[in-house]
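Because the structure is a prediction, the values reported are computed rather than measured.
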Amino acid sequence: MLRNYSNSRTLGDNIRLGTLTAFTAGTINIASLLIFLSFTSNVTGHYAILAAEISKGNWTQVGVVGGWIFLFFFGSFVSNFIVINFNNKSKYFAHAMPIVLEIICLLFVGIYGQFYYQKTLEETEYLVALMLFATGLQNGLTASISNFSVKTTHLTGTTTDLGILTSMFTQKKYRKNGELIGRAKLLMSIMLAYVMGAVFSGLTYYYLEFRVFYVISICLLIVIGYDTYKIHIRHFNTKYRYSRIYKKPNLFAYLYDKIHGIPKREKKRKLVFED
């Protein structure tokens with residue numbers, strides 16, 4: 001889900017990444033709307049607010065909203081900066097680190113909101129800013145590693161692209177195009193996951209309140225954990241076989257032997273003239 005990069009990614013990689021991150025984005029957006037009365041998974045509305053505040057000459061609010069927009073931009077910048085600078089060393093580390101940073105931001109919002117939040121305007125502005133930075137990290141990462149195929153924090157472009165594809169499917173020649181069909185599946189999965197995340201957040205917020213951010217963090221941990229499984233657990237036997245072939249003991253071979261037992265080996269046959 002995170003290891004593969006750009007054109008080496010499969011449709012399945014993008015759908016798994018898109019659905020999980022879109023679910024978290026929908027959850028974040030509705031939670032922030034209910035708590036802070038502000039959207040935090042995209043900045044389209046904030047640009048409109050920025051323009052309105054400029055026209056009114058309310059420069060304090062211009063600074064606040066401009067700062068929010070900048071932090072979303074900066075989150076995307078940080079994500080791609082990490083990817084392009086650490087990708088050659090470790091693709092998994094480069095792609096997982098923005099998610100880790102996002103989890104840290106969301107956990108801070110959850111813990112601060114649960115134990116310290118006094119509902120002041122200043123606190124709200126800072127927490128909204130942190131959440132916009134977190135969603136900028138997520139959107140920048142998914143777009144960067146998928147060659148701009150996956151964007152999950154807003155649905156404007158997704159809905160537009162899906163509408164275009166649907167119109168193309170009115171002609172038979174496009175309905176047989178596997179690439180277009182795959183693209184439509186990806187967009188539909190992102191859209192449905194986002195809506196499901198938003199509904200989940202709306203239904204559970206009144207019970208969980210700020211603890212909803214812990215649930216979101218668990219979803220993001222699943223994104224990271226999936227690739228950990230692929231790298232370490234699924235290739236367990238490969239590590240084992242490597243040690244058996246090259247006679248080089250390692251931890252994986254030791255654990256494999258403990259779990260499955262050391263296989264019995266037949267005695268080496270001797271040739272007659274060796275006696």
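- Between the side chains of Gln138 and Thr135, no donor N or O sits under 3.5 Å from an acceptor N or O.
- For the 3.5 Å distance criterion, the side chains of Ser146 and Asn14 fail to qualify, holding no donor opposite an acceptor.
- Residues Tyr112 and Glu123 have side chains that bring a donor and an acceptor to within less than 3.5 angstrom of each other.
- In this structure, Tyr207 stands alone, with no Ile, Leu, Val, Met, Phe, Trp or Tyr side-chain heavy atom under 4.5 Å from its own, directly or through other members.
- There is no side-chain donor-acceptor pair under 3.5 Å between Tyr117 and Glu209.
- Ring centroids of Tyr174 and Phe169 are separated by 6.0 Å or more, keeping the two rings apart.
- A distance of 9.5 Å separates CG in Leu11 from OG in Ser149, rounded to the nearest 0.5 Å.
- Residue Phe70 is tested with Trp68, Phe72, Phe74 for a ring-ring contact (aromatic ring centres under 6.0 Å, His included); the sole match is Phe74.
- For the pair Arg175 and Ile181, the minimum side-chain heavy-atom distance is 4.5 Å or more.
- For Phe200 and Phe23, the distance between ring centers is under 6.0 angstrom.
- Taking OG1 of Thr160 as the reference point, atom CG of Leu165 lies at 11.0 Å (rounded to 0.5 Å).
- The line from CG of Leu187 to CD1 of Ile164 is 10.0 Å long, rounded to the nearest 0.5 Å.
- Test Thr153, Thr19, Asn29 against Tyr194 for side-chain hydrogen bond (donor to acceptor under 3.5 Å, both in side chains) and you get one pass: Asn29.
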